[in-house]
Amino acid sequence: MDTSRSDSDPFRLSLTSRYSDWVLEALEELSDCFLITDPAISGHPIVFASQSFLSMSGYSKSEILGRNPRLFQGPETDRGSVSQIREAVRTRQSVQVNLVNYRKDGTPHQVLFHMSPVFVEEDGSVLHFFAIQVPIVRRPGTQHGACSKGLLRGCRDEVRKGCDAHAQKVFDNVCNRVSEEGETCMAGELERERALNASNSIISALNRYNNFTGLVVSTKQCCGPRTIPAFSSCLNLSLGGINKSFVLSDPHLPGMPIVYASDAFLSLTGYSRCEVLGRNSKFLNGPGTCSKALQEINKSISAEKSCTLRLLNYRKDGSSFWNLFHISPVRNATGKIAYYIGVILDEASKGELNGISPEMLQFGTVGAVKVAVRSLSFSSSGPSWSSNSR
Amino acid sequence: MSNYQEEVSTEAVGCGRNCLGKFCLHVSNLPLYTFSSDQNSTKSESFLSELLLAQWEERMRQGLFRYDVTACETKVIPGSQGFIAQLNEGRHLKKRPTEFRVDQVLQPFDPAKFNFTKVGQEEVLFQFQNGGTINKSYFLETARVDPAMAPNIVAINVSPIEYGHVLLIPRVLDCVPQQIDQDGILLALHMAAEASNPCFRLGYNSLGAFATINHLHFQAYYLNIQLPVEKAQIEMITQRGLRSESEKSVKVSRLMNYPVRGLVFSEGNTVGDLADVVSKACICLQQNNIPFNVLISDRGRQIYLFPQCYAEKQALREVSQELLNTQVNPAVWEISGHIVLKRRKDYDEASEASAWRLLAEVSLSEERFEEVKEYIFAAIGVVESKFEVNNQEKERAEEEAMLDGNMFEPVASHFQEGCLVVE
């Protein structure tokens, strides 16, 4: 047993609070060389490193937990590969590249680097990234050229179908280049298979004890009427970082369903995420809800305007609360309305506002969400922040 | 007795317009944000950002902006640089025209011309004051303005180019003309740190580099995408101030593979160190009548300085008609890669090549940049590093010219040995 454990260790918590208390044990059982990082923590740091990774790299756990994996890069690390990895993190896709990493003693070595996001199947949110490193064994004189510049693109469609056949074909084509050093150091069939096996093992370990919570994760992001567009959580101002109670509804979908619900909203109302996504927010209304208020809200939506009002809403357990409610259209990069934000403020919780008026609190939430959504549709998968920001 | 009372009542009204002139401010209440400049204070992350955005949204509801900037179409131009183009037809038509000559970087303040004391208080979001070593920052929704405290004002930009576009006006009552000094830069760096958000950038345009108002001010906005200049590679060329091992020097780097030549300042032991170096560099340019723009990025930890010459070229008719027709005045945001276009045609046809061409016109030539760099180095007291970048690095840098211009963060040990540093 590791006697230096403490429950307040944020890196352990990053995993145990999302999956199960035993997830670390399950991960420790794996013999593969990998890291797990948490994009929701500033700096996108490493929260887990397998024993095999530590042996390979020469670092101890305490030396790398909390640090960004760029620490393993060095002068010979190909910048094209690094930028491909960054792009994959930004757009939340899987990627496989050749990479030169550096051990603690400064010696470089070649690995097949395979990284995947961990998606929650039911809503498509990203909890973590894992990065597998498979050491590449040099094979002299193969028919393929060397590829010290790994230039594999992230495979967006392949995330749906399975990052296998197509990705590897692209990888092969790209590797038909001769490097200036004339070395052959291409990841072959063996390394790729090891990477995929490791990927499956990691996902199994993350899912293993989750029957209790019903959480299912995978490397594939599902697309269905109840899933949300990919919002990156790497950034303070991204939706995940806004710790206020709000929902986003999509007026272009029939029934104007909720497509995003913040954690604070779920705590306030007592619902779980899968119970609210895909439903219209009228489930918050009940016998005491004034119909005039509802008409006001509908009028505002038709007029594409914002409005603030007070109405009686109901939690999952049936208890009611006075909702200081604000609704506003939110536009994306096309300049057109993409969503309506509904900010829900429990009037009874006014004491926690730090001396700021409820109205200001609502506006602050709206502003933060507008900044986040404004850059959506720069790419179809979300805000464009590099995970390697300092 | 009655005379005195009358005076008081006239003073209470001020000029009647409720502006930021000293007679009005004396008797006004404005929201007040007081920040702690103690580096060890407890930082409430994003407190300033929440407040600023809340106030900004509130002003939107009040209809104070000339148009809704979020309704302006924006896109990333395909290519390795990732230039950002925005179609904004309203800004050009409604922006205040420039009221002074563009060939002098330093010009005295003229109270007759438009300046920020003439702005209505409804455009002010809050005062932004340095609380010194207080334990943590705090906000009061309303506080009497104390002119003795030299109020700094954060106001909205009524012709915004992004959500949250504001103006930071240091010491508004002092009516300082548009020129950089150490206090001004320091305040801007404090604001960047306090906003605590990588989306939040501050920018500065000198006269002659497309500032439109000769009253000291910075601009700032939130943009949830990395600016092309922030992605560009930089190469360190020297450091200032390695006094002891425990202190970090201010690093001076050069922008690589970017259409506009510029210097980048980063690190340093304290915010004050960085402000000192940057302000000296800017003052040097001001004194040599070289127009320039400054971008403050990464929460105040990375500062870009771009000397430019576009206005001079325009005057000498050296700019192509094609570029003139876009009517883009390349100020700090454009130079950073965020380009606001007024015509649908230019927006639809925007390409990486055309953006690069425009920005390349703004840049000093290599020879001129080297000259200017020498002035700056003399002003801040450094010499270019004698450390030989090894040949492999040079070749790699050349190859990179055609690849993504991503910032590669070199392993630290590469640059610390062999640097020649002069205080």
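Here is how names work: the chains are called A, B, and so on, in the same order as the sequence lines, proteins then strands, and each is numbered from 1. Values reported hereafter were calculated over all heavy atoms of this structure, with side chains retained and with hydrogens, waters and symmetry mates removed.
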Checking B/Thr70, B/Asn197, B/Asn224 against A/Val371 for side chain to side chain contact (heavy atoms under 4.5 Å, CB included), the one that qualifies is B/Asn224
Run the side-chain contact (heavy atoms from CB on, under 4.5 Å) check on A/Arg90 and B/Gln226 step by step: do they pass?
CA-CA 11 Å; A/Arg90 177 180 83 76; B/Gln226 202 168 22; over 6 Å; no
In terms of heavy-atom proximity below 4.5 Å to chain B, should A/Thr365 be classed as side chain, backbone, both, or neither?
neither
When the 4.5 angstrom heavy-atom criterion is applied to A/Lys244 and chain B, the contacting part is side chain
Should B/Glu50 and A/Ile356 count as side-chain neighbours, where that means a heavy-atom distance under 4.5 Å?
no
Heavy-atom nearest pair, A/Ser306 first then B/Arg61, reads OG-CG, 4.0 Å
Chain A heavy atoms under 4.5 Å from B/Leu140: which part of the residue, side chain, backbone, both or neither?
neither
Could you list the residues that satisfy side-chain hydrogen bond (donor to acceptor under 3.5 Å, both in side chains) with B/Glu57, not counting sequence neighbours?
A/Lys370, B/Tyr163
Measuring from B/Leu87:CG to A/Thr334:OG1, what's the distance to the nearest 0.5 Å?
12.0 Å
Using 0.5 Å steps for rounding, measure from the CZ atom of A/Arg374 to the SG atom of B/Cys72.
6.5 Å
Quick check: are there more than 12 heavy atoms from other residues, nucleotides or ligands sitting under 6.0 Å from CZ of B/Arg344?
yes
In terms of heavy-atom proximity below 4.5 Å to chain A, should B/Gln55 be classed as side chain, backbone, both, or neither?
both
